[in-house]
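Start at 1 and go down the list; that is how both ligands and their atoms are numbered. What you see is a predicted model, and the numbers here were worked out from it, not measured in a lab.
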Amino acid sequence: MANIKKIQRKLNKKFDGRVQAVLEDGIIRLTGELDNWDDVVTAGETAATKNSLVHVVNDIKFTGGEIPPMRVPSLRDNAVNGKTPDVLIIGGGITGCAIARELSKWEMNVMLIEKNADFAMGASGANDGEVHVGIDLKKGSLKQKYVLLGNAMYDKFCSDLDVPFRRPGQYILFTQLWLLIPIFFFYIRRKYIDGVKSSRFMWGSKIKREQPTFDKKIKFGIYNDNAGVVCSYGLTIACAENAAENGVEAYLNTAVLSMDTNDSGNIIAVHTNRGTIKPTIVINAAGVFADDIAEMAHDRFYSIHPRRGTNAIQDTKSANIIDCIASIEHAGIGSFRSKTKGGGIMRTVDDNVLVGPDAVECFDKEDTSTYPESLKTTYTKQKGTVPAASERDIITYFTGIRAATFEEDFVLEWGRKCPNMFHCGGIQSPGLTAAPAIAADVEKIIVDRLSKKREILQKKKWTPVRRGVPRLKEMIPARRSAMIARNPDYGIIVCRCEEISKGEIIDCLERPLCPPTVDAVKKRIRPGMGRCQGGFCQPLVAQIIAEHENIDISEVRKASAEAVILYGENKGGAEE
Ligand SMILES: Cc1cc2nc3c(=O)[nH]c(=O)nc-3n(C[C@H](O)[C@H](O)[C@H](O)COP(=O)(O)OP(=O)(O)OC[C@H]3O[C@@H](n4cnc5c(N)ncnc54)[C@H](O)[C@@H]3O)c2cc1C
């Protein structure tokens, strides 16, 4: 249990009595007022104990800015009103979608709701796509447990879902010889005691032979050959599609706004912008909003403090500078066990080069703005790994928000005051890696709970296999010709950078759960992901969507209902 007097002493030292800590129902609750967000976060970190079950709930009032409310879709209808699913999953990121897929095996009604206009619009759509090995994670943490299990599941997970996956391996590199002894002992402990078995120690000379583009100053490193790369949004969407094919009801643009609970604390109604749902069990997989969802059920026993991370994507033409995942560590063990895991540079599964991310605490849970300092920080660091990394090759950048708890671990447990809510909270990095293992465990827990009420049988017709849209670019010439002969739209190239045909776009629009928007098509099959970033193909994609949906092109949206692309004719149209 936490020593609250000691915590208060530490807080007094840092904040002169402006922050108070109390121990309440097994959680440490902080109150007070601070005008600097970094101080609010520091207070939470100061109060966090090694016992990751005693969470910090940070109720310190931030007076230095206005924390914006959660963004809610403008749509209002009754599409989900009166539904009574056995299981309601809140959040269409990788956690929610992977759980939906696992639960779709069973004879039960599963419903998945997502507030955004597509799946993978939170952290699952804005991360590095690295399948981690867990070398930097604390033994005994939930993160370590699920990352080791999840990593091992990835080959089958991705092949069942027809999602490209590779294991190019990861180098953690050091330039300071004085770190040799501590890092060597660290490596021995991780490999032989903590279960990160694939790790290998390497001298700089061997690393340079294997990776000639790495910086010459590298003295030694640790190599993990089972680190992998995957497209995280492609995988999330594949899980959602497979879940839907197996009977899960999924609703986009559906935000949970409030909940009603009964005297025993159970949720009896979930109110959304599209009506009220009355589920038996609720799974909270709401990413950065998981603590807000917990609060709606009067069950907030942890706090999420958003942590922004920015990545840059370089053109595929620079792919020859790296064929793996790598990062340089200047400050020793502390640095590569830090919250960012040091960022890095890697060849993505789609053969771009990704540089980043950094880690910046922020108070707005949806502030995905990208700041030049972030790119500067990551490039300055990663040029020390691969000197040829160049900002001139950047074709785009993006920012994602990590859902960190103050204990820096996942929260995977039933509600403490709300018995019918299961929390998947604090699923920050490496939550993508952990997702298949988390989903498999949550499946067992949910089936076990529902089986106490009635018999739950496995579906006879469940299929874990999903086939994506055929990828013309990857076909051998004979298959290409056959495909084009069968469907001439496959012979019309729309996106020249990524070689995507009209046939693929139409097939994509006909798949389950594909919103008819430019970004939804882009995320699924990549038109607009190349060097021109849609400059050439976006109007063509919009035109194909308009024809397919039988709407005017001006009605085609970029991502959500609010994201208008065409506002009207310019220069008076085509008049001469
Ligand atoms: C910059 C960055 C880099 C990362 N790199 C890696 C990596 O290389 N490898 C790795 O393993 N992990 C990585 N991660 C972590 C990984 O991305 C996350 O752990 C994972 O995506 C979390 O998935 P999730 O489904 O729990 O959350 P999310 O993907 O955030 O999904 C939660 C969903 O819930 C929805 N939601 C929220 N509130 C409501 C509501 N009220 N009603 C309805 N829906 C709601 C949100 O819109 C969102 O779509 C990284 C994260 C970041 C930010």
Check your understanding: M70: heavy atom below 4.0 Å from ligand 1, yes or no?
Key ->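 M70: in contact with ligand 1 (<4.0 Å).
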Point to revise | Heavy-atom gap V72 to ligand 1 smaller than 4.0 Å | key: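 It does not, in that no heavy atom of V72 comes within the 4.0 Å cut-off of ligand 1.
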State whether the shortest distance between N or O atoms of [X] and N or O atoms of ligand 1 falls below 3.5 angstrom.
{"X": "Q428", "value": "yes"}
{"X": "R402", "value": "no"}
{"X": "P430", "value": "yes"}
{"X": "I427", "value": "yes"}
{"X": "V288", "value": "no"}
{"X": "G431", "value": "yes"}
{"X": "N116", "value": "yes"}

Taking [atom] as the point of reference, which of [options] owns the nearest heavy atom?
{"atom": "atom 35 (C) of ligand 1", "options": "E114, K115, M121", "value": "E114"}
{"atom": "atom 10 (C) of ligand 1", "options": "T368, I325, L432, D128", "value": "L432"}
{"atom": "atom 42 (N) of ligand 1", "options": "V256, D118, I99, V270", "value": "V256"}

Under 3.5 Å, side chain of [X] to main-chain N/O of [Y], donor-acceptor pair present?
{"X": "N116", "Y": "D118", "result": "no"}
{"X": "N284", "Y": "I293", "result": "no"}
{"X": "T84", "Y": "K278", "result": "no"}

Review point. Heavy-atom distance under 4.5 Å between the side chains of L112 and Y251, does that happen here?
Key: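 No; the side chains remain at least 4.5 Å from each other.
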Practice item. Kindly indicate whether the side chain of I267, heavy atoms from C-beta on, has any atom under 4.5 Å from the side chain of D260. Key: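 The answer is no, as the side chains (C-beta and beyond) never meet within the 4.5 Å cut-off.
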Check your understanding: Mind checking what makes side-chain contact (heavy atoms from CB on, under 4.5 Å) contact with T385, not counting sequence neighbours?
Key ->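 So T385 forms a side-chain contact (heavy atoms from CB on, under 4.5 Å) with L173, A326, I328, I345, Q382.
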Contacting atoms of ligand 1, where contact means under 4.0 angstrom from a heavy atom of [X]:
{"X": "G287", "value": "27 (O), 30 (O), 32 (C)"}
{"X": "G91", "value": "33 (C), 34 (O), 35 (C)"}
{"X": "I401", "value": "53 (C)"}
{"X": "F289", "value": "37 (C), 38 (N)"}
{"X": "G122", "value": "29 (O), 30 (O), 49 (O)"}
{"X": "G309", "value": "1 (C)"}
{"X": "G400", "value": "53 (C)"}
{"X": "A255", "value": "42 (N), 43 (C)"}

Under 4.0 Å from ligand 1, counting heavy atoms only, is it the side chain of [X], its backbone, both or neither?
{"X": "R308", "result": "neither"}
{"X": "A435", "result": "neither"}
{"X": "A120", "result": "neither"}

**Study point:** Sidechain N-carboxylate O distance under 4.0 Å for D358, K376
**Key:**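 Here D358 does not pair with K376 in a salt bridge, since their nearest N and O are not under 4.0 Å apart.
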Check your understanding: Looking at E407 and K138, does any basic side-chain N land under 4.0 Å from a carboxylate oxygen?
Key ->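 No, this pair does not count.
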Review point. Cut-off 3.5 Å, side chains only: do E329 and S327 have a donor facing an acceptor?
Key: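 A donor-acceptor contact under 3.5 Å links the two side chains.
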Mind checking whether [X] and [Y] have parallel, tilted or perpendicular rings, split at 30° and 60°?
{"X": "F363", "Y": "F62", "answer": "tilted"}
{"X": "F301", "Y": "H423", "answer": "perpendicular"}
{"X": "Y171", "Y": "Y223", "answer": "tilted"}

Exercise for review: For E130, check salt bridge (Lys or Arg N to Asp or Glu O under 4.0 Å) against everything at least two apart and list the hits.
Suggested key: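 With sequence neighbours excluded, E130 shows a salt bridge (Lys or Arg N to Asp or Glu O under 4.0 Å) to no residue whatsoever.
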